[in-house]
Protein chains: 2
Amino acid sequence: MNASSDQSVLDLLRSRGLRMTPQRRAIVTEVMASNGHISPASLAERVRARVPGVDPSTVYRTLDLLEEVGVLSHTHLENGPEYHRLADSRHVHLVCSSCGSEDSLSLAEPDRLRDLVARHHSFAPDLTHFAISGLCRRCQGRRPR
Amino acid sequence: MNASSDQSVLDLLRSRGLRMTPQRRAIVTEVMASNGHISPASLAERVRARVPGVDPSTVYRTLDLLEEVGVLSHTHLENGPEYHRLADSRHVHLVCSSCGSEDSLSLAEPDRLRDLVARHHSFAPDLTHFAISGLCRRCQGRRPR
DNA sequence: GTCGTTGCAAAGCGTTTGCAACTAT
DNA sequence: ATAGTTGCAAACGCTTTGCAACGAC
């Protein structure tokens with residue numbers, strides 16, 4: 001399953017006349033293997049475990065590329081950007097502002113939210129692009145601030 | 001009205017034994033005067049118009065201070081952090097991912113959204129912390145991606 | 001006189017860019 | 001052989017930090 005999505009990405013790149021280097025292959029593999037989101041830094045780290053010496057700039061360039069091609073998208077979390085598969089875009093990030101734990105909404109919820117906003121405003125939100133901050137169940141006990 | 005909120009902030013700082021320097025006064029004035037959000041950079045610029053020579057580090061330190069004290073909060077927009085008055089927290093940022101225009105939800109809408117998320121999950125979202133990305137009315141015409 | 005605050009300079013980080021060497025095709 | 005790709009080093013922009021001078025109280 002990961003193999004197949006990897007493959008379709010590789011095919012897509014190939015069809016654009018782009019080249020498959022070991023670095024790129026490793027990056028694609030790692031990105032597709034990460035369910036949820038991953039930061040450029042930890043991606044770089046994991047990639048280097050496969051292909052030692054891969055430069056951060058290569059990771060950044062590849063992330064940009066994969067985003068242009070429509071395979072990935074990124075989100076802004078508290079500590080910078082995180083990338084995720086576009087197929088996972090029904091995945092909304094919920095970050096607890098108190099304990100830092102992360103959770104996510106999935107499936108139909110985002111759509112319902114989107115519709116709710118869209119109905120009342122002429123704005124079609126993509127709730128996956130930025131995270132949603134708030135208090136998780138455990139942290140709701142004590143009032144913040 | 002701006003004068004009065006400025007005053008209450010100054011009082012708050014004073015009550016904590018903090019000192020009122022002209023730099024700090026200018027920063028407070030500018031922050032409170034900005035409806036909506038403001039970036040550290042443009043804040044610094046505006047402050048320098050009042051008190052020439054104010055260093056960026058002073059602006060950052062003061063923003064941190066005002067946030068600790070509960071006067072300000074920040075949001076993550078596409079191009080970095082933006083600060084806003086905490087009293088404005090019913091102000092949800094809507095950023096168009098296509099044309100970059102910004103708009104905002106206000107009043108009851110955020111509450112309705114919050115309730116919707118809270119009802120289905122044990123998560124109490126603060127929709128003001130991160131912006132919500134999407135397509136504005138004008139950009140909805142042509143399909144993105 | 002104290003001790004919080006400031007400006008300055010330097011360091012830190014994450015990210016981008018120019019470029020020559022390299023390599024997939 | 002051609003043109004895309006990489007690593008390296010340098011440049012960047014934003015933010016943080018150490019520190020001595022300064023200034024509010």
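Residue numbers begin at 1 in each chain, while the letters A, B, ... track the order of the sequences. On a predicted model such as this, the values are computed, not experimentally measured, just so you know.
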Once you apply a heavy-atom cut-off of 4.0 Å, does A/Pro56 come out as touching a base, just sugar-phosphate, or nothing?
nothing
Base, sugar-phosphate, or nothing: which does B/Gly53 touch, judged by heavy atoms less than 4.0 Å apart?
sugar-phosphate
Within the pair [X] and [N], is there a side-chain N or O less than 4.0 Å away from OP1 or OP2?
| X | N | answer |
| --- | --- | --- |
| A/Arg24 | D/dT6 | yes |
| A/Thr21 | D/dT6 | yes |
| B/Thr58 | C/dG7 | yes |
| A/Gln23 | C/dT23 | no |

To the nearest Å, how far apart are [X] [atom1] and [N] [atom2]?
| X | N | atom1 | atom2 | value |
| --- | --- | --- | --- | --- |
| B/Leu43 | D/dC14 | CG | P | 14 Å |
| B/Glu67 | D/dT16 | CD | P | 11 Å |
| B/Met20 | D/dA24 | CE | C1' | 10 Å |
| B/Glu82 | D/dC14 | CD | P | 12 Å |

Tell me the closest heavy-atom pair linking B/Ser39 and B/Glu82, and the distance in Å.
N-OE1, 3.2 Å
With a 3.5 Å cut-off and just heavy-atom distances, do the side chain of B/Arg61 and the base of C/dG7 make a donor-acceptor pair?
yes
